[in-house]
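A short worksheet on the structure shown next.
Chain letters run A, B, ... following the sequence lines, proteins first, then strands; residues in each count from 1.
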Number of protein chains: 2
Amino acid sequence: MAREIPDATVARLPIYRRSLVELASTGAEMVSSAALADLAGVNAAKVRKDLSYLGTYGVRGVGYDVKFLLRQIGDALGLDIETPVVIVGMGNLGQALAHYGGFSSRGFPIVALVDASEAKVGQVVDGIAISHIDDLDTIVKEHAIAVGIIATPAEAAQIVADALVAAGVRSILSFAPSVLHVPETVPLRKVDLATELQILGYYQQRESPAEGGNTDKSA
Amino acid sequence: MAREIPDATVARLPIYRRSLVELASTGAEMVSSAALADLAGVNAAKVRKDLSYLGTYGVRGVGYDVKFLLRQIGDALGLDIETPVVIVGMGNLGQALAHYGGFSSRGFPIVALVDASEAKVGQVVDGIAISHIDDLDTIVKEHAIAVGIIATPAEAAQIVADALVAAGVRSILSFAPSVLHVPETVPLRKVDLATELQILGYYQQRESPAEGGNTDKSA
DNA sequence: GTGAGCTTGTGCGTTCGTGCACAAGCGGTA
DNA sequence: TACCGCTTGTGCACGAACGCACAAGCTCAC
Ligand SMILES: NC(=O)c1ccc[n+]([C@@H]2O[C@H](COP(=O)([O-])OP(=O)(O)OC[C@H]3O[C@@H](n4cnc5c(N)ncnc54)[C@H](O)[C@@H]3O)[C@@H](O)[C@H]2O)c1
Ligand SMILES: NC(=O)c1ccc[n+]([C@@H]2O[C@H](COP(=O)([O-])OP(=O)(O)OC[C@H]3O[C@@H](n4cnc5c(N)ncnc54)[C@H](O)[C@@H]3O)[C@@H](O)[C@H]2O)c1
């Protein structure tokens with residue numbers, strides 16, 4: 001329905017959104033592409049082109065309506081409805097994620113926590129009791145969970161990913177440092193902290209400039 | 001000295017490295033670009049082209065020497081020497097990062113922890129006492145710290161980034177959801193979990209496939 | 001020594017992203 | 001009503017990345 005939005009643009013929309021939320025809180029009603037570009041740390045022309053994919057709602061000579069733009073971006077990203085999330089693997093990282101409020105406040109409430117360790121099952125973290133991985137299927141269906149976050153060791157990541165897909169999760173975010181295979185229909189994104197550090201290592205060593213957000217690409 | 005390596009390639013080197021470490025542990029001596037491509041989840045031609053930037057050390061008809069390749073990649077990424085890291089902001093995320101062993105084992109030992117809260121200063125996490133942010137300068141110089149990890153709230157991120165740069169840190173990894181400005185000479189990478197979820201939201205909503213590692217770009 | 005069978009290294013066409021630069025268009029002013 | 005200044009929307013050209021496809025080159029067998 002909505003027209004096709006380029007990957008690079010999609011990756012920037014959340015940044016624009018964050019900047020706009022900030023702007024809105026200061027009472028600003030309108031914003032120019034130049035001002036937004038400044039806040040988001042990108043080129044003004046890029047901002048205009050990106051926004052043009054959402055439909056052309058700017059007013060020449062004036063700029064964009066902040067509130068309206070926020071709604072447009074929210075719609076494009078599917079933030080108009082809440083997307084329930086399950087975290088699998090309640091170790092160091094899983095616990096930190098569970099405690100973090102930034103997900104719920106951005107439309108991704110964490111509704112279930114899962115682990116394989118008997119010692120962890122039953123523990124309550126941030127108001128949610130940890131369930132056993134064997135019950136994943138039931139849990140996902142019960143809460144209509146759409147997103148699975150993998151925070152298990154790398155060895156377990158593929159098994160967990162398979163289980164999530166089988167249970168009906170529609171997209172996956174993985175923190176495990178391993179290559180995962182999922183069906184084409186399930187969007188998968190990876191965050192690998194050690195990899196990030198190694199990339200920094202290269203640029204640092206070469207003493208060459210290389211600032212960069214972590215935009216995505218690939219098929 | 002080493003020839004210029006494209007950004008996209010640099011971002012993949014750590015993945016190759018991980019796959020090679022795995023291979024080496026199984027006793028494999030040689031590996032073909034096709035096999036490595038399979039492990040890393042990329043195209044075989046891309047593997048060959050990527051590796052060719054490191055110099056041309058493959059043997060036609062045979063493949064690449066696993067151990068030698070590991071050394072080559074390690075050198076390119078600057079992993080031949082240990083790179084000390086400081087974590088700033090010891091809340092949920094900072095604590096999880098401090099407990100994580102994956103950094104030290106990959107050449108990035110965490111040698112200092114810093115926070116602004118009096119309540120946290122002095123606490124010992126994973127064998128390291130938390131220091132006060134005011135002492136950052138001294139700490140960085142004392143330990144010859146090269147990388148700063150920012151795990152503070154977004155509001156404090158820019159101040160912390162400035163302090164890190166002033167103290168002499170050479171590159172920065174930030175988890176704060178905010179746009180940071182640093183000198184061109186300081187490589188900066190951002191990891192924003194909420195943004196990742198929002199990006200997933202888009203593809204999920206469109207039910208279109210969009211797997212992807214998080215490769216970087218930008219000037 | 002010669003040939004068969006692999007695997008590397010890379011040239012080339014294609015696609016995607018970027019940002020400059022400018023015409024189109026809106027609002028306010030005289 | 002006519003004009004001026006500002007901002008959007010986009011055509012265009014450049015560059016980066018990708019992956020196919022093939023020649024070059026190595027090893028082994030006979
Ligand atoms: N902690 C960090 O800061 C950090 C940083 C970078 C990457 N990571 C990665 O994130 C992942 C988790 O890290 P961590 O430090 O939290 O590890 P952890 O060992 O503390 O926790 C892992 C948890 O996963 C659970 N688990 C194991 N197998 C499981 C399975 N099959 N199903 C469900 N749960 C299972 C374990 O019981 C444990 O509670 C790892 O892949 C790690 O490499 C963590
Ligand atoms: N916890 C998560 O799972 C998670 C997930 C995504 C993003 N983040 C981001 O990571 C950052 C940290 O998250 P958190 O959950 O750990 O927050 P937190 O509130 O638990 O911890 C923040 C810590 O930073 C310290 N701090 C504040 N100002 C400081 C300053 N000027 N100098 C040094 N230290 C300072 C605080 O004392 C506190 O200990 C936030 O920006 C958050 O948005 C966290």
Report, one line per pair, each donor and acceptor closer than 3.5 Å where one atom sits in a side chain of residues 65-90 of chain A; sequence neighbours left out.
residue	atom	partner	partner atom	Å
A/Asp65	OD1	A/Lys67	N	3.1
A/Asp65	OD1	A/Phe68	N	2.9

Quick one: B/Leu51 CG to C/dT10 P, roughly how many Å, whole number? 12 Å

Between C1' of C/dC26 and CE of A/Met30, the distance in whole Å: 11 Å

Can you name the residues that form a salt bridge (charged side-chain N to carboxylate O under 4.0 Å, His left out) with B/Lys141, not counting sequence neighbours? B/Asp137

Distance-only polar pair, side chains of A/Asp7 and B/Tyr202, donor-acceptor under 3.5 Å: no

How would you list, by chain and number, every residue that makes a salt bridge (charged side-chain N to carboxylate O under 4.0 Å, His left out) with A/Arg18, sequence neighbours excluded? B/Asp192

Mind checking side chain to side chain contact (heavy atoms under 4.5 Å, CB included) for A/Asn92 and listing every partner two or more places apart, or none if nothing turns up? B/Ala96, B/His99

Hits for salt bridge (charged side-chain N to carboxylate O under 4.0 Å, His left out) against B/Asp115, two or more places apart or cross-chain, chain-then-number order -> none

Nearest whole angstrom, please: distance from the C1' of C/dA21 to the CG of A/Asn43. 12 Å

What are the atom names and distances for every N/O pair under 3.5 Å that joins the protein to nucleotides 1-8 of chain D?
residue	atom	partner	partner atom	Å
D/dT7	O4'	A/Gly61	N	3.0
D/dT7	O2	A/Gly61	N	3.4
D/dT8	OP1	A/Ser33	N	2.6
D/dT8	OP2	A/Ser33	OG	2.6
D/dT8	O2	A/Arg60	NH1	3.0

Measure the distance from NZ on B/Lys46 to C1' on C/dC16 and round it to the nearest whole Å. 13 Å

What is the distance from CG of A/Asp50 to P of D/dT10, rounded to the nearest Å? 13 Å

Within the sub-3.5 Å range, which N or O atoms of nucleotides 11-13 of chain D have a protein N or O partner, and how far apart are they?
residue	atom	partner	partner atom	Å
D/dG11	O6	A/Lys49	NZ	3.1

Not counting sequence neighbours, which residues clear ring pair (Phe, Tyr, Trp, His ring centres under 6.0 Å) with A/Phe103? List them please. A/Tyr100

Quick one: which residue pairs count as a side-chain hydrogen bond (donor to acceptor under 3.5 Å, both in side chains) with a foot in residues 25-36 of chain A, not counting sequence neighbours? A/Ser33-A/Arg48

